[in-house]
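Down below is the structure, laid out as structure tokens.
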2 protein chains.
Amino acid sequence: MVTLDDVAREAGVSRTTASRAINGKLTVHPERSAAVQRAAEKLGFRPNPAARSLARGRHDSVALIVSETNIEGMTNSFFAMALHGAIREIAKTDQQLVMLLRANDESDEKFLRFLEASHVDGAMVILEAHNTELPRLLAQSDLPVVFLGRPIESAEAPLSYIDSDNVGGSVLAAEALIAAGRRRIGVITGPHGMGVSQDRLRGFQQALDAHGLDSSLVAESDFQTAGGAEAMGLLLDQHPDLDGVFVMSDLMAAGAVGTLKTRGRRVPEDISLVSFDDTVIATTLEPRLTTVRQPLEELGARMVTALAELIAAPTAAPIRDTLPTTLVRRDSV
Amino acid sequence: MVTLDDVAREAGVSRTTASRAINGKLTVHPERSAAVQRAAEKLGFRPNPAARSLARGRHDSVALIVSETNIEGMTNSFFAMALHGAIREIAKTDQQLVMLLRANDESDEKFLRFLEASHVDGAMVILEAHNTELPRLLAQSDLPVVFLGRPIESAEAPLSYIDSDNVGGSVLAAEALIAAGRRRIGVITGPHGMGVSQDRLRGFQQALDAHGLDSSLVAESDFQTAGGAEAMGLLLDQHPDLDGVFVMSDLMAAGAVGTLKTRGRRVPEDISLVSFDDTVIATTLEPRLTTVRQPLEELGARMVTALAELIAAPTAAPIRDTLPTTLVRRDSV
DNA sequence: TGTGGTCGAGGAAGCGCTTCCTTGATGAAG
DNA sequence: CTTCATCAAGGAAGCGCTTCCTCGACCACA
């Protein structure tokens, strides 16, 4: 850990002056100020917020108070449910949960610095797309980190993650379709760059291959509604004889069902559909969706405990848990 | 602020011993330990986490990293969207966002102590139901607090809040119904104890009264889907001639539409419906809902800036902002 | 040339807590 | 009756930073 004293020494000034320079006080000579900035940059100085808060009597942090009901009500998105589980679990400990937002246009390096500056003991990462350098960077820093969902880089780096059984869940989905007598089964995936997409595709193709069916009817999408609608159209264009489809998220399924309706295909009479997630959408849509449920709250909670373990024993082997998925049968198969 | 030294003095021991007692170390005599506990309780001692973190070299806080996309994706719940706005705004400052969960079964006093122990500079409160003592308690403490939505107690206490124009939005809703030629218009409200319910009911009745229509067809519910379905049933039983309904949330509207369908009433042919929120549900439902949109992200962002103002000038008058709502016309009227 | 004012910089105290190290008291062992 | 552990408690240092206060250097003015 590099402290203000280190910076002061490097810059050849007193700690007082260094502090002033860092905080942009005007009573410091421009030249020296610049020297301090340079030293700080070179050394990678991050003011310790605890020390700062102690000295200033301020904390620079505001609380966001949410009720449990609130979080419970967020049963509609992947992220929200994992958040719910994590927050509940955190509340049992005496830890604070600090939320960091990674802006879409922020570079990985910048964000990493930001994270390190926030002086937390560890981090849980819930990122929609893991196709950034972030996992690799985080693996290099020695901050304990747990990912929700297997990062692509996990094979090369000692990363810890908690994931649901995407492969197994997709096998369930495919088999439900097959059991319903479907033989021309397509799949709408998430981005190929994401671990979940890869895992789910693997399970799906594995099941189809085992039954000697064509597993090459795949359309890549983005997990969103509009993307699902579009991908469904593509799939239909290329394979008019389609009689079943596995869609990797409820959100995309909502779009896909819309496309099917406008194309005059009835679900499930003409085409059976199985999706993934089991969010509220699955029950408000017509027909109600048969979908693979992930234990999202449990995943969130497990992230917290795993992170605690990692913080307690930083040198231990990475933690990699896979929690079981289940098929929820409704009306779309 | 009461410090460890105060506690030690009160208990008649050294600061060292007090620290040990507080932290449950075993090298302290049970009797003295009890004395310290008593003193701490009496004085309302809360260890300063910054000092603790500085001394221990730990922070007892873990980060939850979420991507902007993540938060953006949570467009489906009231809470989530406000959260999105708040987080984005916070990210612009150098403040940290600490999330505190208020468990459903936790007493207000206990939570207040918890909040004070977390040593934040201020708090934003997003609570579904304000029918607790919490607002009043928070008003007594001198922590700057901003509520999302007008708390009931706001008339008696100098509370700050950011709210959307519930009255105005409800007037819009009622007038849309009236303009569609509806004359027997009911309303499904949230809990009467909540400020939003009261405001929306007021706007609704105001509009109906202005047109000389009966504004007494009201059913109280809970903002949830199941509750909405049930309330719709009640309303239909009591007023079979109903030809329009204002439902105070999309979630309840989903339930209400279900009930209408099973009772053989077509929307909007037989009954027109306007709801409130404009979440994804409004577009995935059949028919797509005409609904009142609140500027939720803006509300969340405004909470942050308002809180900052409050922290800067704690003695200033409470901040009470009302942001405009708009009617989004779709297919249910 | 002397006086006063301004500016930049540093010394040192202190924020509230933990913990190492030391000390005094007590009991067990020789 | 010593000598040694053992235990409980306190003194004091120190975590990393901010900031009050002091001080020297420099310039302008009379």
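First the proteins, then the strands, lettered A, B, ... as listed; each starts at 1. Any value given below was found using the heavy atoms of this structure, including those in side chains, with hydrogens, waters and symmetry copies removed.
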message: So if I take the C1' atoms of five pairs at each end of the helix from C:dT1-D:dA30 to C:dG30-D:dC1 and get each local axis, what angle do the two axes make, rounded to 10 degrees?
response: 50°
field: Along DNA chain D (nearest heavy atom to each residue), the more 5'-positioned of A:Leu4 and A:Arg20
entry: A:Leu4
- request: Remember a base hit wins even if backbone is also touched, and classify A:Thr3 as base, sugar-phosphate or nothing at under 4.0 Å, heavy atoms.
  value: sugar-phosphate
- prompt: Residues in side-chain contact (heavy atoms from CB on, under 4.5 Å) with B:Pro318, at least two apart?
  reply: B:Pro158, B:Ser160, B:Arg320
query: What residues form a side-chain contact (heavy atoms from CB on, under 4.5 Å) with A:Ala316, not counting sequence neighbours?
result: A:Ala313
statement: Contacted region of DNA chain C by chain B, from 5' end to 3' end of the hits, cut-off under 4.0 Å to heavy atoms, spans C:dG16 to C:dC21
message: The test is side-chain contact (heavy atoms from CB on, under 4.5 Å); show your working for A:Leu159 and A:Phe147 and say whether it passes.
response: CA-CA 8 Å; A:Leu159 296 172; A:Phe147 288 86; 3.8 Å; yes
For A:Arg88, all residues meeting side chain to side chain donor-acceptor pair (under 3.5 Å), sequence neighbours excluded: A:Glu68
Any N/O donor-acceptor pair, B:Ser14 side-chain to D:dG11 base, under 3.5 Å: no
- prompt: Of all residues at least two apart in sequence or in a different chain, which pass the side chain to side chain donor-acceptor pair (under 3.5 Å) check with B:Glu89?
  reply: B:Lys92
- request: Provide, to the nearest angstrom, the distance between the CG atom belonging to B:Asp5 and the C1' atom belonging to D:dG10.
  value: 13 Å
- request: Specify the residues of residues 6-13 of chain B, ordered by number, for which at least one heavy atom lies under 4.0 angstrom from an atom of DNA chain C.
  value: none
query: Salt bridge between B:Arg150 and B:Asp163, side-chain N to carboxylate O under 4.0 Å?
result: no
With B:Ser107 via side-chain contact (heavy atoms from CB on, under 4.5 Å) - residues at least two apart: B:Glu109, B:Lys110
field: With A:Asp5 via side-chain contact (heavy atoms from CB on, under 4.5 Å) - residues at least two apart
entry: A:Thr3, A:Arg9, A:Arg15
- prompt: Are side-chain N/O atoms of A:Ser164 and A:Gln294 paired as donor and acceptor at under 3.5 Å?
  reply: yes
- prompt: Does A:Arg136 pair with A:Asp108 as a salt bridge, N-O distance under 4.0 Å?
  reply: no
Identify every side-chain donor-acceptor pair in residues 17-25 of chain B under 3.5 Å, counting partners at least two apart or on other chains, and give the distances.
residue: B:Thr17; atom: OG1; partner: B:Ser14; partner atom: OG; Å: 3.2
residue: B:Asn23; atom: OD1; partner: B:Arg52; partner atom: NH2; Å: 3.0
residue: B:Asn23; atom: ND2; partner: B:Ser19; partner atom: O; Å: 2.8

task: Please list residues of residues 40-62 of chain B whose heavy atoms come under 4.0 Å from any atom in DNA chain D, ordered by number; otherwise none.
output: B:Leu54, B:Ala55
query: Which residues satisfy the ring pair (Phe, Tyr, Trp, His ring centres under 6.0 Å) test with A:His59, sequence neighbours excluded?
result: B:His119
task: Salt-bridge test for A:Glu106 and A:Arg113: reply yes if a basic N is under 4.0 Å from a carboxylate O, no otherwise.
output: no
